[in-house]
Amino acid sequence: MTQNTQPPGTTGPASAPADLPTQYTPADVEGKLYERWVERGYFAAHAKSDKEPYTIVIPPPNVTGSLHLGHAFEHTLIDALTRRKRMQGYETLWQPGMDHAGIATQNVVERELAKEGKSRHDLGREAFVERVWRWKADSGGQISGQMRRLGDGVDWSRERFTMDEGLSRAVRTIFKRLHDDGLIYRAERIINWCPRCLTAISDIEVEYQEDDGELVSIRYGDGEDSLVVATTRAETMLGDTAVAVHPDDPRYAHLVGREIKLPLTDRTIPVVADPHVDPEFGTGAVKVTPAHDPNDFEIGRRHGLPQLTIMDEHAAITVHGPFLGLDRLEARSAIVGALRAEGRVVDEKRPYRHSVGHCSRCKTTVEPRLSMQWWVKVDPLARAAGDAVREGRVTIHPKDMASRYFEWVDHMHDWCISRQLWWGHRIPVWHGPDGETVCVGPDEEPPSGEGWHQETDVLDTWFSSALWPFSTLGWPEKTESLATFYPNSTLVTGYDILFFWVVRMMMFGTYAMDGVPPFRTVALHGMVRDQFGKKMSKSFGNAVDPLDWMDTYGSDAVRFTLARGANPGVDVPIGEDWVQASRNFANKIWNATRFALLNGATVEGPLPSADELSPADRWILSRLGAVVAEVDAYYEDYQFAKLSDALFHFAWDEVFDWYVELSKTTFAAGGPPADAARRVLGEVLDTTLRLLHPVVPFVTDELWTTLTGGESVVVAAWPTDPGFRDADAEREIEAVKQLVTEVRRFRADQGLQPGQRVPASLDLSGSGLAAHEEAVRALLRLTAPGEGFSATATLPVGGATVALDLSGAIDYEAERKRLTKDLAAAEKELAQTGAKLGNDSFVAKAPDHVVAKIRTRQETARADIERITAQLARLP
RNA sequence: GGGUGCAUAGCUCAGCGGUAGAGCGCCGCCCUUACAAGGCGGAUGUCGGCGGUUCGACCCCGUCUGCACCCACCA
């Protein structure tokens, strides 16, 4: 299922090596490349293709405002996944679009209006909505601009908006179906009301927060017929229609069934017995306000109590009298004052911390309010959504997030979907003159005539988002796109909207699409945080505009940093220093490729056969294959941090630091080995660039086209592991690395400058590294032992001996210290291993390879001690 | 009140039943002709506390402490 590699260009590398400057400047290539990708149609997804489809939909950003680092993060992950699949030969759709974001957007535009001193009511519904559309045109453009900068490989021809005609039709269609199936109903209940947004909001749009409140104790009734209730919301007492006590509470048994006087009013209210009351809490007596508290509402229902609404939509008191028109907070203190004046405040203002709900959009304290709203009956939908995961038809990554999913899906309350807003999908129900309602399907004519009007409420914004995986593909029409790209392959989104969005997509997708859930896999990512792990927020001042960093360091650097921090489901800290490090990495790749080009690295022709390859060639090819396999495995497990890190270290530590350095000697010598190395270097870079491309798309494309002459790495084949491994070569090069590192350490300890040439004789015969003498000399800056050479230091390393003429440069004191330290370490090692091996139960029970390993260590320690002792003895 | 997760190098985080790792930061030397956005070398941890299992625990179990987050109609 993979495409062929781009045929190598007939004209060779597109530009001469000398064309590459010594520093990578992202701005020079990013914009140019993105436009090229789009023009060439690389990101277009074709429904008629016979390739296997791979689909990811964008979690649609709100049209309000601009993308933040969290979006950049999410997009990086999605883009990496889709770019890889595209390279693997899948028909890949990365579906773009935006969400109308009901309340959020309406609020933003209302704020704009407020600056002009107007409210939406000054404009009227139609003009206001018109205004939002105009505003959306600007804001949406900004978001697509940011996505282009990020390099998002989306199919722009398929861009959708949740209020598009097509998607609105999808909304009306499913509404009608749910309605006719009895899964949408209208009911009067206590809902969460935002007195600032002037709309109902759903349970999950309420953010609970511990607030410092005050608990006031008030005496209700008089004399014998009195009791004390405690409340944090004294103002609601005007709406009390009962006092409740526990049925088994002896303190109040005599009062149950009696009427007592409600202070500040001329009403009396009954005392009722209800098991909901906790006799241990407060006084054991609760005031009951059915119209303003969800618990009280339930108590009221059980006892047939009247529901007395005492506040309007702004949460101001509507009861005639001294408190009329007061805001709920003003009313609270006014009423406590009045009660105090009557001597009814028994124990006042005990500080009390309790959790209070706030509107997630504007942070206003939510007011529970009795009102008529539209609801989705969630039971059957949620069960199906849960089963899809339980039965393994949908997999959640990381897997421990699944428990959160079930927790939610298995305990879901009916979903309040109506909003008293203007911006959104208007509910397709018409009210008749006699209070009758008709749900109107998308192809039906609404009833006309005297007294008929459409419902004024709009739908919760998540109602349309829940359809996103299929509405964007043309549903309810039976489009080819729908047939090809549904279900989506993967959903990539933050764990924070698991309930808002994922669950609802699961419910509606499974319902609308004949039981087929909307995606196969859900990959949940964490939230972006600052470099100290703190949540990013505008008010805290640590929020970062991704564009700033992209301007300074390039999009690749931002993307690589984000990918490198992406451990599944875990929050991602990101700091500017880290972006800098990624920028350095991009630059390093740039320069390594530049080196390769300057030295004639090539991708043309087949790889030389194994016997034509040097050990270094075989080593790096062996490692390359292993890395391809490793990266693939990490991708399958959404381990972006791991795969990025693996590539980073392979490229830098192995290819750049060692293979490139070793190849310098080979190139200098020339001949067939140099030709082989040129081909291998080309191969390694070609593959590495392709492996890196999904995460770091720009610099890799620029370099890959230059190196290979291919059309674009975007449409190049994803590397496959050729399965070439050479353990001998890996061991051999490891030995070279060890030798070089040890001698380098010695040199550094002697205070020799890194570049200082030192005459030396090498005896590599015992180490099997004789073939590497030239390379070792080059890496260690050793010159041939000339006239008057006299070894002043001799280092046995492995089976090799390096004799150096340091004449004068050596610091014997430092050397003595170093050797003494090494000796102590070796002696400690010997003691430790001796203790282990002397432990019979250890030797008996530990696996053989472990025992063998420790034996080896013991022998090494003995040899070290002998060697070091000898060296110490030789020192003057 | 339930639930989940986390405590590892100065910071942010990987890791794993067999003598601790990365990036950044830090120290020293170096503009060694791909790269100073670089090279080479180096230092650094009672792996949160206490118990237990095991030949062996950073890893498993229990417990304590601290910190996050999610859910919940306690006035």
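In what follows, chains are A, B, ... by sequence order, proteins preceding strands, each numbered from 1. This is a predicted model, so every value here is computed, not measured.
- Comparing the P positions of B:G2 and B:G21 gives a spacing of 42 Å, expressed to the nearest Å.
- Residues satisfying the side-chain contact (heavy atoms from CB on, under 4.5 Å) criterion with A:Asn567, sequence neighbours excluded, are A:Val570, A:Ala641.
- Partners of A:Tyr24 by ring-ring contact (aromatic ring centres under 6.0 Å, His included), not counting sequence neighbours, listed by chain and number: A:Trp590.
- Comparing A:Arg583 and A:Tyr208 by the nucleotide of RNA chain B whose heavy atom lies nearest to each, the residue mapping closer to the 5' end is A:Arg583.
- Looking at heavy-atom distances under 4.0 Å, A:Tyr495 makes no contact with the nucleic acid at all.
- Atom pair A:Leu795:CG and B:G41:P shows a separation of 15 Å (rounding to whole Å applied).
- In this model, the phosphate group of B:A22 is not approached by any side-chain N or O of A:Lys642 to a distance below 4.0 Å at OP1 or OP2.
- Residues A:Thr289 and A:Lys287 have side chains that bring a donor and an acceptor to within less than 3.5 angstrom of each other.
- For the side-chain contact (heavy atoms from CB on, under 4.5 Å) test, residues two or more places apart in sequence or in another chain that qualify with A:Pro294 are A:Ile190, A:Pro368.
- When rounded to the nearest whole Å, the span between OH of A:Tyr659 and P of B:G39 equals 19 Å.
- The two residues A:Met527 and A:Asp571 come nearest to each other via the heavy atoms N-OD1, 2.8 Å.
- A:Asp749 has its CG atom 16 Å from the P atom of B:C40, to the nearest Å.
- When the P atom of B:A72 is taken as reference, atom CZ of A:Arg404 falls 13 Å away, rounded to whole Å.
- Comparing the same atom, P, in B:C29 and in B:G51 gives a spacing of 46 Å after rounding to whole Å.
- Here the separation of B:G45 from B:C26, taken at their C1' atoms, is 15 Å to the nearest Å.
- For A:His525, the ring-ring contact (aromatic ring centres under 6.0 Å, His included) partners are A:Phe73, not counting sequence neighbours.
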Item to check | Bracket string, RNA chain B, 5' to 3' - pairs by Watson-Crick or G-U geometry under 3.5 Å, | interstrand | outcome: (((((((..((((....[..)))).(((((.......))))).....(((((..]....))))))))))))....
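- Using a 4.0 Å heavy-atom cutoff across all strands shown, A:Arg744 reaches sugar-phosphate atoms only and no base atom.
- Residues A:Arg529 and A:Val286 both approach RNA chain B. Their nearest nucleotides, taken by heavy-atom distance, put A:Arg529 toward the 5′ side.
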Can you give the donor-acceptor pairs under 3.5 Å from side chains of residues 574-582 of chain A to other protein atoms, not counting sequence neighbours?
from: A:Glu576; atom 1: OE2; to: A:Tyr553; atom 2: OH; distance (Å): 2.8
from: A:Gln580; atom 1: NE2; to: A:Tyr553; atom 2: OH; distance (Å): 3.1
from: A:Ser582; atom 1: OG; to: A:Thr561; atom 2: OG1; distance (Å): 2.7
from: A:Ser582; atom 1: OG; to: A:Trp578; atom 2: O; distance (Å): 3.2

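- In terms of phosphate contacts, A:Arg747 brings no side-chain nitrogen or oxygen within less than 4.0 Å of OP1 or OP2 of B:C40.
- Note: CZ (A:Phe499) to C1' (B:C71) measures 7 Å, nearest angstrom.
- Listed by chain and residue number, A:Arg233, A:Arg332 satisfy the salt bridge (Lys or Arg N to Asp or Glu O under 4.0 Å) test with A:Glu235 (two or more places apart in sequence, or in another chain).
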Checklist outcome for this item: In B/S/- notation (B base, S sugar-phosphate only, - none; protein heavy atoms under 4.0 Å), nucleotides 25-35 of chain B written 5' to 3' is ----BS-B-BB
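- The CG-P distance, from A:Asp645 to B:U12, rounds to 18 Å in whole Å.
- Residue-level contact check: A:His411 touches neither bases nor backbone, having no heavy atom under 4.0 Å from any strand.
- Annotation: ring-ring contact (aromatic ring centres under 6.0 Å, His included) contacts of A:Phe560 (sequence neighbours excluded): A:Phe585.
- Taking atom C1' in both B:C58 and B:C50, the straight-line distance is 16 Å, to the nearest Å.
- Residues forming a ring-ring contact (aromatic ring centres under 6.0 Å, His included) with A:His397 (at least two apart in sequence, or on another chain): A:Tyr638.
- Taking the salt bridge (Lys or Arg N to Asp or Glu O under 4.0 Å) definition, one finds that A:Asp556 meets it with nothing, sequence neighbours left out.
- A heavy atom closer than 4.0 Å to some atom of RNA chain B occurs in A:Arg564, A:Asn567, A:Val570, these being the qualifying members of residues 560-570 of chain A.
- B:G49 and B:A57 have their P atoms separated by 15 Å, with the value rounded to a whole Å.
- A:Asn192 has its CG atom 13 Å from the C1' atom of B:A72, to the nearest Å.
- Straight-line distance from the CZ atom of A:Phe648 to the P atom of B:A37: 16 Å, rounded to whole Å.
- By the 4.0 Å N-to-carboxylate-O rule, A:Glu859 lies too far from A:Arg862 to be salt-bridged with it.
- Judged by distance alone, the side chains of A:Asp274 and A:His246 never bring a donor and an acceptor atom under 3.5 Å apart.
- Taking atom P in both B:C6 and B:C74, one finds a spacing of 28 Å when rounded to whole Å.
- Going from the P atom of B:C59 to that of B:G52 covers 14 Å, rounded to whole Å.
- Comparing B:G18 with B:A75, their P atoms are spaced 50 Å from each other, to the whole Å.
- Of the candidate nucleotides B:C13, B:C55, B:C69, B:C13 has the atom nearest to the side chain of A:Pro573.
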